[in-house]
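Encoded as structure tokens, the structure appears first; notes follow it.
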Amino acid sequence: MEQAQQQTLKKNLFSAIQPSGNITLGNYVGALRNFVLLHEDYNCLFCVADLHALTLRHDPAELRRNSLSLIALYIACGLDPEKNIIYCQSHVPEHAQLSWVLNCFTYMGELSRMTQFKDKSQKHADNINAGLFTYPVLMAADILLYQTHVVPVGVDQKQHLEICRDIAGRFNGIYGDVFTIPEGYIPKSTAKIMSLADPTRKMSKSDGEDSYVAVLDAPDVIRRKFKRAVTDSEADIRFDPENKPGVSNLLSILAAVRNSTPEAEAQALQGLGYGALKEATAEAVIDTLRPIQERYAELIRDKDALNQILRTNADRAHAIALRTLRKVYKKIGLYQP
Ligand code: TRP
């Protein structure tokens, strides 16, 4: 079949990650790795959500560096910037433009119910800005611009996808079928990677240096972090998240990178101590990340090539986004000469 014809038969998939630096092993196992499995079956857009990153105080130089780094990481993980569209949100002006329009179709009440807004305004009480509040509207614009059918989301973003569907449905109800209503996609492998310092919490870079493994951590750093990982005072290796969260988390990580099950890994390590479990996990993680890190190092060295990819991919995204935005402007009565 012609490639163009195939493209129209495939459904559209949109996903984005904020360029907040240090993409973790949890991000890789829970998101990036699954994107690679999906990228042949859908028309995919993978976006670096740099505009969303502005909702918290940030360092400009760091944001710039992290954005380019995330683009390189997407590609290093196996996503293809020719088959998919890999780009920065701020390079496509339609995101901000549609976001304004959708703001006028979103209620204060529904935004006030967002748990992430409540969490973040508690954590950053000195900077509860309007962008933090309307964050889900920009996210809805991201998704709706591309007539997205599926959005891979973790649990923390489910509520934002729900509000996106509500906004789209409301708009369509008034103006006819303008937007595709997106569905969430919960990946089959749902290995949840927890913090190494507090295995009852999700692995996150906000929990301190030793609590997470970054995809770009050097092997020695990874070894050190696993050595310090919290376990318990017993000695037997068994998968029991309830009573042995630390040991179970290590088994989950080991299983995730080896595509096995935590129970099988526990079985294989019978009779050995926690030191062996930690070492096995560290080495398996290092082996999994090695090819990604090598590819990343090559890519990040050639900034011109990355810039070229960013330009062509932004153009491709822009062409699709503009079609939706024009339709919206026309429907709502913005006069176009
Ligand atoms: N808010 C998402 C996060 O922090 C990132 C994001 C922005 C996103 N726009 C999106 C995710 C659109 C899915 C679809 O994880």
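It should be emphasised that the depicted structure is a prediction, and the values quoted were computed from it without experimental measurement. Both ligands and their constituent atoms are indexed starting at 1 by order of listing.
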Next item on the list: Apply ring pair (Phe, Tyr, Trp, His ring centres under 6.0 Å) to Tyr135 and His160, showing your working.
Entry: CA-CA 9 Å; Tyr135 176 115; His160 291 163; 5.5 Å; yes
Would you mind listing each N/O atom of ligand 1 next to any protein N/O under 3.5 Å, plus the distance?
unit_1	atom_1	unit_2	atom_2	d
ligand 1	1 (N)	Tyr135	OH	2.7
ligand 1	1 (N)	Gln157	OE1	3.2
ligand 1	4 (O)	Gln18	NE2	3.2
ligand 1	4 (O)	Tyr135	OH	3.1
ligand 1	9 (N)	Asp142	OD2	2.7

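- Contact check for Ile320 versus Ile85: side-chain heavy atoms found under the 4.5 Å cut-off.
- Around CD of Gln293, the count of heavy atoms belonging to other residues, nucleotides or ligands within 6.0 Å exceeds 12.
- The 12-atom threshold is not exceeded at NZ of Lys202, counting heavy atoms of other residues, nucleotides or ligands nearer than 6.0 Å.
- Counting heavy atoms of neighbouring residues, nucleotides and ligands inside a 6.0 Å radius, atom CZ of Arg201 does not exceed 12 of them.
- A salt bridge between Asp50 and Arg64 is absent, with no side-chain N of the basic residue lying under 4.0 Å from a carboxylate O of the acidic one.
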